Amino acid sequence: MKLHKESKGTIIVASIVFALAAFLSVYYLREWSLLIIVPILVIYGLVFWFFRVPNRDIQDHKENVIAPVDGKVVMIKEVEEDEFIKGKAIQVSIFMSPLNVHICRYPVSGKVIYKKYHPGKYLVAWHEKSSTENERTTVAVESLTHHQVVFRQIAGYVARRIVFYCNEGDTAKAGHEFGFIKFGSRMDVFLPLDTEITCKIGDKTKGGIDVIAKMQA
């Protein structure tokens with residue numbers, strides 16, 4: 001199983017904690033040590049599972065808006081996007097549990113025209129205000145259909161580490177990685193009002209694969 005590059009520090013710390021806990025359990029508890037070692041081993045395995053990099057057959061897209069993350073669609077509504085679009089847009093929000101792959105992917109192809117990191121709070125990721133009050137990043141892409149699409153990584157109550165690798169002027173390719181969020185979190189995508197939304201609340205998404213909307217060419 002391939003692991004994401006962001007896993008290095010976490011796995012080193014988890015390995016040290018597991019080794020220390022196993023040693024102390026055996027030393028002090030002896031025959032009862034498995035009561036400690038087994039649960040910790042399960043947690044240790046979940047750390048590796050969290051940082052997995054699945055193989056995805058990423059296709060080329062023009063009008064299609066691709067799910068940027070693995071997760072569950074929790075919001076589809078018309079909102080005011082005040083940071084970049086400065087007007088009305090359709091917001092599609094996808095919540096990621098700690099068991100989901102947390103690779104963040106471009107939802108559309110085009111050119112990166114804006115990026116910004118915002119420090120903030122750590123409300124639970126499904127809270128509506130987390131989109132404007134939590135630690136987050138905002139990226140905007142001028143799509144191949146000449147629309148401005150904004151998407152936002154949002155830290156949750158557990159997730160307190162957001163990374164994004166894109167820069168203004170970069171070429172964005174739908175389904176390809178641009179960042180990573182550690183543990184439970186959310187992604188918001190802001191689309192033009194005439195966009196055809198093809199997902200619904202409650203849908204499970206597979207990042208880089210599933211089509212969540214189609215824009216007018």
Side-chain angles (χ1 to χ4, degrees), residues 1-17 43-44 46-56 58 65-72 74 81 83-84 91-127 130-141 149-190 205-209 212:
M1 178 176 63
K2 184 179 179 182
L3 296 177
H4 196 275
K5 62 183 179 181
E6 296 295 336
S7 67
K8 185 176 180 180
T10 302
I11 287 178
I12 289 174
V13 172
S15 298
I16 293 173
V17 170
I43 295 172
Y44 186 56
L46 288 174
V47 171
F48 281 83
W49 179 250
F50 175 83
F51 286 105
R52 68 196 184 280
V53 179
N55 290 323
R56 299 275 164 92
I58 308 299
V65 181
I66 305 304
V69 291
D70 292 24
K72 180 180 180 180
V74 295
E81 201 293 309
E83 180 176 349
F84 183 81
Q91 177 180 334
V92 179
S93 298
I94 301 174
F95 173 73
M96 294 168 277
S97 80
L99 296 180
N100 287 127
V101 174
H102 273 54
I103 295 170
C104 300
R105 306 171 187 273
Y106 289 110
V108 294
S109 296
K111 181 180 179 180
V112 178
I113 55 176
Y114 177 83
K115 63 169 284 189
K116 188 171 183 178
Y117 167 79
H118 303 271
K121 300 178 181 178
Y122 296 100
L123 302 173
V124 289
W126 58 83
H127 195 295
S130 66
S131 182
T132 55
E133 296 186 9
N134 276 24
E135 179 188 6
R136 62 200 181 277
T137 68
T138 302
V139 178
V141 167
V149 175
V150 172
F151 42 99
R152 188 168 290 145
Q153 297 170 294
I154 302 170
Y157 183 74
V158 178
R160 305 200 175 197
R161 170 87 171 118
I162 298 176
V163 292
F164 62 144
Y165 316 119
C166 60
N167 292 297
E168 292 182 17
D170 284 356
T171 297
K173 293 185 178 181
H176 290 259
E177 181 180 356
F178 79 89
F180 194 91
I181 312 178
K182 291 189 177 180
F183 306 108
S185 45
R186 198 175 99 193
M187 277 281 291
D188 290 347
V189 182
F190 298 88
T205 61
K206 183 174 287 187
I209 301 295
I212 61 171

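Position 1 is the first residue of the sequence, and the numbers go up from there. None of the values given here were measured: they were computed from a predicted structure.
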> Which heavy-atom pair separates Val108 from Ala172 by the least distance, and what is that distance?
Replying inline: O-CB, 3.8 Å
> Roughly how far, to the nearest 0.5 Å, is CZ of Phe180 from NZ of Lys5?
Replying inline: 11.0 Å
> Closest heavy-atom contact between Gly175 and Ile58?
Replying inline: O-CD1, 3.6 Å
>> Can you tell me how far apart CZ (Arg152) and CD1 (Ile162) are? Round to the nearest 0.5 Å.
In response: 11.0 Å
> In Å, rounded to the nearest 0.5 Å, how long is the span from OG of Ser7 to CZ of Phe48?
Replying inline: 8.0 Å
> How many angstroms lie between CZ in Phe151 and CD1 in Ile94, if you round to the nearest 0.5 Å?
Replying inline: 12.5 Å
> Who are the side chain to side chain donor-acceptor pair (under 3.5 Å) partners of Ser93, not counting sequence neighbours?
Replying inline: Gln91, Asp188
> side chain to side chain contact (heavy atoms under 4.5 Å, CB included) between Ile103 and Val53: does it pass, once the steps are laid out?
Replying inline: CA-CA 8 Å; Ile103 295 170; Val53 179; 4.0 Å; yes
>> Are the side chains of Tyr117 and Glu135 in contact, using a 4.5 Å heavy-atom criterion?
In response: yes
> Which value, rounded to the nearest 0.5 Å, describes the distance between Ile11 atom CD1 and Tyr44 atom OH?
Replying inline: 7.0 Å
> Do you know which two heavy atoms are closest between Thr205 and Ala67, and how far apart they sit?
Replying inline: CB-CB, 3.7 Å
> Which residue, His102, Arg56, Arg105, Lys206, forms the side-chain hydrogen bond (donor to acceptor under 3.5 Å, both in side chains) with Asp70?
Replying inline: Arg56
> Looking at side-chain heavy atoms only, is the closest gap between Gln153 and Phe178 below 4.5 Å?
Replying inline: yes
> Does any non-hydrogen side-chain atom of Cys104 lie less than 4.5 Å from one of Met187?
Replying inline: yes
>> Test side chain to side chain contact (heavy atoms under 4.5 Å, CB included) on Ile154 and Ile181; report intermediate values, then the result.
In response: CA-CA 8 Å; Ile154 302 170; Ile181 312 178; over 6 Å; no
>> Please check: side-chain N/O of Ser185 versus main-chain N/O of Met96, any donor-acceptor pairing under 3.5 Å?
In response: no
> When you look at Val65 and Val149, which way does the side chain to side chain contact (heavy atoms under 4.5 Å, CB included) test go after all the steps?
Replying inline: CA-CA 10 Å; Val65 181; Val149 175; 5.7 Å; no
>> When you measure from the side chain of Ser109 to the backbone of Ala174, do you find a donor-acceptor pair of N or O atoms at a distance under 3.5 Å?
In response: yes
> What side-chain hydrogen bond (donor to acceptor under 3.5 Å, both in side chains) pairs are there with at least one residue in residues 164-177, not counting sequence neighbours?
Replying inline: His4-Glu177, Glu6-Tyr165, Lys115-Asn167
> Which heavy atom of Cys166 sits nearest a heavy atom of Tyr106, and at what distance?
Replying inline: CB-OH, 3.0 Å
> Would you say the side chain of Val150 lies within less than 4.5 Å of the side chain of Tyr114, judging by non-hydrogen atoms?
Replying inline: no
>> Regarding Glu83 and Lys116, does a basic nitrogen lie under 4.0 Å from an acidic carboxylate oxygen?
In response: no
